[in-house]
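Worksheet: the structure to be examined is printed underneath.
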There are 2 protein chains.
Amino acid sequence: MADLLSVAKLAGVSRATAARAFSNPELVRALTREKVLKAAEQLSFRPNKVAQQLRSQSTQMIGVMVPSLDNPVFAEQLQAMEVTARASGYSLIVTTSEYDASQESEIVEEMLRQRVDGLVLTVADADNSAVLNKLLYEHPPCLLVYNPPGQSGFPSIGVDNLAAGADATHHLIEQGHTRISMVAGPLLQSDRARQRYAGYCQAMAAHDLIPRPLVEMPRHTQANLACLTPELEGEYHPSAVICTNDLLAISLIGELQRAGFAVPNDLSVMGFDGIALGRHLYPSLCTIEQPRAAIGQAAIHTLLSMINGEMPNPAPLPHVLRSGESVGAPAITPSLSITP
Amino acid sequence: MADLLSVAKLAGVSRATAARAFSNPELVRALTREKVLKAAEQLSFRPNKVAQQLRSQSTQMIGVMVPSLDNPVFAEQLQAMEVTARASGYSLIVTTSEYDASQESEIVEEMLRQRVDGLVLTVADADNSAVLNKLLYEHPPCLLVYNPPGQSGFPSIGVDNLAAGADATHHLIEQGHTRISMVAGPLLQSDRARQRYAGYCQAMAAHDLIPRPLVEMPRHTQANLACLTPELEGEYHPSAVICTNDLLAISLIGELQRAGFAVPNDLSVMGFDGIALGRHLYPSLCTIEQPRAAIGQAAIHTLLSMINGEMPNPAPLPHVLRSGESVGAPAITPSLSITP
DNA sequence: CTGTCGAATGAGATCGATCTCATTACAACA
DNA sequence: TGTTGTAATGAGATCGATCTCATTCGACAG
């Protein structure tokens, strides 16, 4: 590919002049500028960003790490980040960590070698993260998404998961539910799930209801009805469950229906995240909607401000309760029908 | 950030020796090497990839462009590509085009300036693509995904959409359906949808059934029942419909159920793509599964071979019919119940 | 015709790693 | 002790764009 020197030669000028014709056209005589542009055209010259990056000590690239793109929450957020970043002249290097600490570490190291101008990370657990500790020591512009701010020392974009967990619980209580359980993926991996559970516990307690232990499923995004069966058939016999994410909720609803349960008549199910598809299912999914597009945009804008040397302290973004057909009033004293 | 020169100084050697300590350790005396490594450690030296890229004329970066990450098909494929690329030491620059030709053009231009080693593209319509024409003229390593090979002149990874469309249709015919319609998003934008429709037409004709005109919906991934109503209530009165992608099918099922139709009893619905979630719904989605992970892997491996100067001609990957509860046998002579 | 000022241009250094080629150092051997 | 061969190292160029500083050019006033 043609470089600036060959353009300059063809135009009969020096590299400096050729460069100016592009970056500071007003410093170049109109005639000369045209000669340069014509030469560039002829050689189909395309400026080499790598050289520009080396020279300017800035890559205009942002490193993004999400746990997985198989979960629409992250994919949809990434979509918003990409659009926003490109509109500001930045490119994204995208990686997935599978919530794996050693991969997280390698990925961040690689991105720092690439001299990205900043990092947007979603880690498994921001409070116990080897990567974050390393980064804290080097303090490049770095922002967490979805991870609660906590003690990590990095700014964070996301909703208030505790309040959101409480709101979800309140919503069910308002519908008349008193026996509510919560379902999550492998607990220890996710700080969000823990906070949402804490919100649930708070809300239950605020209504003098006793929170139940979290029901853990073996996978993050796929329900296993067998794990819930003891709870459903036990003496607590919940009339509603909250899942810590939408995929879990959707697949739980499917399993319940296939097993002959009616949703919401036999059991109300709430999700968490608000993925787009949830609206179009039947029953439509009642969920706490995280403003994914806003999160993606805010993440990029906040990071860009950090790159410019500011030290923002972004407020949590508002979540919205999206009501849906998967939640209804509890059946009338249903527990009586199975308790003696 | 410390550079190699400061490391060299601290270690009391020249830049060349310091560089060798990393890239050709066997050329350096053990003692010297240790001094260099210790100095690098002390300064927390991190090699600058931008400089390496400029020097080596190779970025180890792949430019990826997909229409949208809001559709799990692309997100899941991207997930597979990222894992595969990283395992080979490559990074991905990810962009979304919204099927928009002018964005496609800007994106590709930007990636070429970045001197990516290769491109993986999914364009709206490979046969009428301004970007592809431009690229053809410059011939960087470039690969299409999902787009049928066609006349574009670029290798392509994906399934045989025509055969897949025919297989879907055959499946329904085997179940006893004779009145089958097909539903798509905005037609003109997607070469895949066209091919799938062509497959449907072929299969119908092969069974002496008359294919119906495509029912177009205003959005790619969200069904609008009203668009289908004329077909359902008209004299053709299909007992089954095929959607050109899963999101369309899932949301159509939701709309149907909400309107009081039973799936599959009143209408069987097939999808296309095989996104993960489809399995866990009730009714589970009957669909043509594209091997997304295999496609992602094959895309990266094929592109890497192109980067190495080969000119591969990848075969279409096999699609699989995933049966599901959204398709059943047609109701018995249902047309008689509404025709006089 | 010369001096001056500003506009236009060019020469060379720079960013950081790495490669080539030359040089040094040291050991073995005559 | 001088020679030769090899291992180890260093000096300098290179990748491509851009910035600084110096120089040239042209016009115009004196």
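Letters go in sequence order (proteins before strands), and every chain restarts at 1.
- Rounded to whole Å, atom P of C:dT18 lies 12 Å from atom CG of A:Leu54.
- Each of B:Ala51 and B:Arg33 lies near DNA chain D, and the nucleotide nearest B:Arg33 is the one positioned closer to the 5' end.
- Distance CD (A:Glu26) to P (C:dG6): 18 Å, rounded to an integer number of Å.
- Taking atom NZ on A:Lys9 and atom P on C:dT9, their separation rounds to 19 Å, with Å as the unit.
- Taking atom CZ of residue A:Arg29 and atom P of nucleotide C:dA7, one finds them 14 Å apart after rounding to whole Å.
- For B:Phe45, taking side-chain heavy atoms from C-beta onward, the closest of the listed nucleotides D:dG16, C:dA17, D:dA8 is C:dA17.
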> Taking it one step at a time, do A:Thr96 and A:Val66 satisfy side-chain contact (heavy atoms from CB on, under 4.5 Å)?
Replying inline: CA-CA 5 Å; A:Thr96 60; A:Val66 295; 4.2 Å; yes

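- Here D:dG10 presents its P atom at 12 Å from CG of B:Leu5, a figure rounded to the nearest Å.
- Rounded to whole Å, atom C1' of D:dC25 lies 15 Å from atom CG of A:Leu31.
- Counting non-hydrogen atoms under 4.0 angstrom, A:Val13 reaches the backbone sugars and phosphates but no base.
- Using a 4.0 Å cut-off between charged side-chain N and carboxylate O, A:Lys38 and A:Glu34 make no salt bridge.
- Between B:Asp125 and B:Arg194 there is a salt bridge, with a side-chain nitrogen of the basic residue lying less than 4.0 Å from a carboxylate oxygen of the acidic one.
- In this structure, A:Arg46 pairs ionically with B:Glu109, as a charged nitrogen and a carboxylate oxygen lie closer than 4.0 Å.
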Just the table, please: protein N/O against nucleotides 19-21 of chain C N/O, every pair under 3.5 Å.
residue: C:dC19; atom: O4'; partner: B:Arg55; partner atom: NH2; Å: 2.9

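- Rounded to whole angstrom, the span from the CG atom of B:Leu27 across to the C1' atom of C:dA25 amounts to 16 Å.
- Considering only side-chain N and O atoms, B:Thr17 lies nowhere under 4.0 angstrom from the phosphate OP1 or OP2 of D:dT9.
- To the nearest angstrom, C1' of D:dA13 lies 15 Å from CD of B:Gln57.
- The side chain of A:Val28 lies closest to C:dT9, out of D:dG10, C:dT9, C:dA17.
- The pair A:Lys49-B:Glu110 meets the salt-bridge criterion, with a side-chain N (NZ, NE, NH1 or NH2) lying under 4.0 Å from an Asp/Glu carboxylate O.
- Contact annotation: A:Gln52 reaches the phosphate of D:dT18 (side-chain N/O to OP1 or OP2, under 4.0 Å).
- Here A:Thr32 does not reach the OP1 or OP2 of C:dA8: none of its side-chain N or O atoms lies under 4.0 Å away.
- Taking both residues in full, the closest heavy atoms of A:Cys142 and A:Leu303 are given as N-CD1, 4.0 Å, listed atom of the first, atom of the second, then distance.
- Closest of all the heavy-atom pairs between B:Pro148 and B:Ala126 is O-CB, 4.2 Å.
- A sub-4.0 Å separation between OP1 or OP2 of D:dC15 and a side-chain N or O of B:Gln53 is absent.
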